[in-house]
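Sequence lines set the chain letters: A, B, ... in the order given, protein chains first and strands last, and positions in each chain run from 1.
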There are 2 protein chains.
Amino acid sequence: MTGHPELTRNQSLVLKALDKAEGPLSAYTILDLLRDDGFRAPLQVYRALEKLQEFGLVHRLESINAFVACADPHCHRHSMIAFAICENCGRVDEFSDETVEARLGEWVAANRFKPAKTTIEIRGNCAACAAQAQ
Amino acid sequence: MTGHPELTRNQSLVLKALDKAEGPLSAYTILDLLRDDGFRAPLQVYRALEKLQEFGLVHRLESINAFVACADPHCHRHSMIAFAICENCGRVDEFSDETVEARLGEWVAANRFKPAKTTIEIRGNCAACAAQAQ
DNA sequence: CAATTGCATGTTATGTCATAACATTTAGAG
DNA sequence: CTCTAAATGTTATGACATAACATGCAATTG
Ligand SMILES: [Zn+2]
Ligand SMILES: [Zn+2]
Ligand SMILES: [Zn+2]
Ligand SMILES: [Zn+2]
């Protein structure tokens, strides 16, 4: 279907770093991880992240200023994606909900609002971390 | 019922600045607005904002790094508050939706996630700005 | 009252996140 | 090959947020 263009070297490196991390990373953390690959400046990371977000391969977590590899190849089908972010271990769960989409869509329609990007982020403790803390 | 303690001088000044602005302000913009009132450093603003958020009088808009005065004195009754933010004129609409709360609550319960703070922010163009742009 | 305690404040310095501006390189299209 | 668009490299700067420590100030309490 909508295939993505071949990734450039920088884009591949950044995506690989995020995949390997299995959790959100800040742009500057990515920069540090890629020093040995020749990365020298934040812009190299931010530019790669920008493209990867366009391709839907990476999401930005607005509430924690971090980036995460997309966990759901089909998430493009949804207009809104929700994230549950563990503040203890960094685990991120990506999910979508038709009803939530519909309800927010109703508000938007009723108020003639033209949405560009919707952020839904739940921060707290994941099951494992919550259990650990009793 | 749950009245708020008397605000301190700094808290009052910051809240007044936000009320007057009728839109979101960055902490540094607030700082500049309050120079004549003796404000000298970002921390004076951030500390006041922290308390005002605790009291439920101010909300932080995570996706744009800005703060806005609460527009709904009853929003405390809800566990989640959604914001529609116009990227053109800065208008912010605050609303809540029981169904959205319930659906996200179901996901949280099913995944044994312990939520601490939930962010729902829709960025785009408000009705007036969208009409203006055809 | 004096001592203690807790909170708010003031101040300096630093840390963290993101982009502007401009030069250079690279990969295709014609 | 030449032109062009996109990607990259590099330096500098802007924007957002907090650490650390000193000071003030009012309420409690012995
Ligand atoms: Zn995704
Ligand atoms: Zn966790
Ligand atoms: Zn509110
Ligand atoms: Zn508008």
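Note: CD (B:Gln44) to C1' (D:dT18) measures 14 Å, nearest angstrom. Rounded to a whole Å, the OH atom of B:Tyr46 is 7 Å from the P atom of D:dC16. Remark: P of D:dG24 and CZ of B:Arg9 are 17 Å apart, rounded to the nearest angstrom. If you measure from atom CG of B:Leu43 to atom C1' of D:dA22, you get 13 Å, rounded to the nearest angstrom. Atoms CD (A:Glu50) and P (D:dA6) sit 13 Å apart, rounded to a whole Å. Going from atom CZ of A:Arg47 over to atom P of D:dA5 covers 18 Å, rounded to whole Å. Nucleotide D:dA6 holds its P atom 12 Å from the CZ atom of A:Phe55, rounded to whole Å.
In this structure, CG on A:Leu18 lies 9.0 Å from CG on A:Leu33, to the nearest 0.5 angstrom. Note that CG of A:Asp97 is 11.5 Å distant from CH2 of B:Trp107, once rounded to the nearest 0.5 Å.
The one candidate from A:Leu31, A:Leu34, A:Leu57 that meets the side-chain contact (heavy atoms from CB on, under 4.5 Å) condition with A:Val14 is A:Leu34.
Identified under the side-chain hydrogen bond (donor to acceptor under 3.5 Å, both in side chains) test for residues 82-94 of chain B, with sequence neighbours left out: B:His59-B:Glu94, B:Arg91-B:Asp93. Annotation: side-chain hydrogen bond (donor to acceptor under 3.5 Å, both in side chains) contacts involving residues 17-35 of chain B, sequence neighbours excluded, comprise B:Ser26-B:Thr29, B:Asp32-B:Arg35.
Qualifying salt bridge (charged side-chain N to carboxylate O under 4.0 Å, His left out) partners for A:Asp72, counting only residues two or more places apart in sequence or in other chains: none. With sequence neighbours excluded, no residue satisfies salt bridge (charged side-chain N to carboxylate O under 4.0 Å, His left out) with B:Arg47.
In this structure, A:Arg40 reaches the sugar-phosphate backbone alone: every heavy-atom distance under 4.0 Å involves primed, P, OP1 or OP2 atoms, never a base.
The aromatic rings of A:Phe67 and A:Tyr46 sit perpendicular, their planes meeting at an angle over 60°, well past the 30° parallel limit.
A heavy-atom distance below 4.0 Å to DNA chain C is reached by none of the residues of residues 21-39 of chain B.
Comparing B:Ala66 and A:Thr8 against DNA chain D, the residue whose closest nucleotide sits nearer the 5' end is A:Thr8.
Side-chain nitrogen and oxygen atoms of A:Asn65 include none within less than 4.0 Å of the OP1 or OP2 phosphate oxygen of D:dC16.
Of all nucleotides in DNA chain C, those with any atom nearer than 4.0 Å to a heavy atom of chain B start and finish, going 5' to 3', at C:dA8 to C:dT12.
Counting only heavy atoms from C-beta outward, the side chains of B:Arg123 and A:Thr118 never approach each other to under 4.5 Å.
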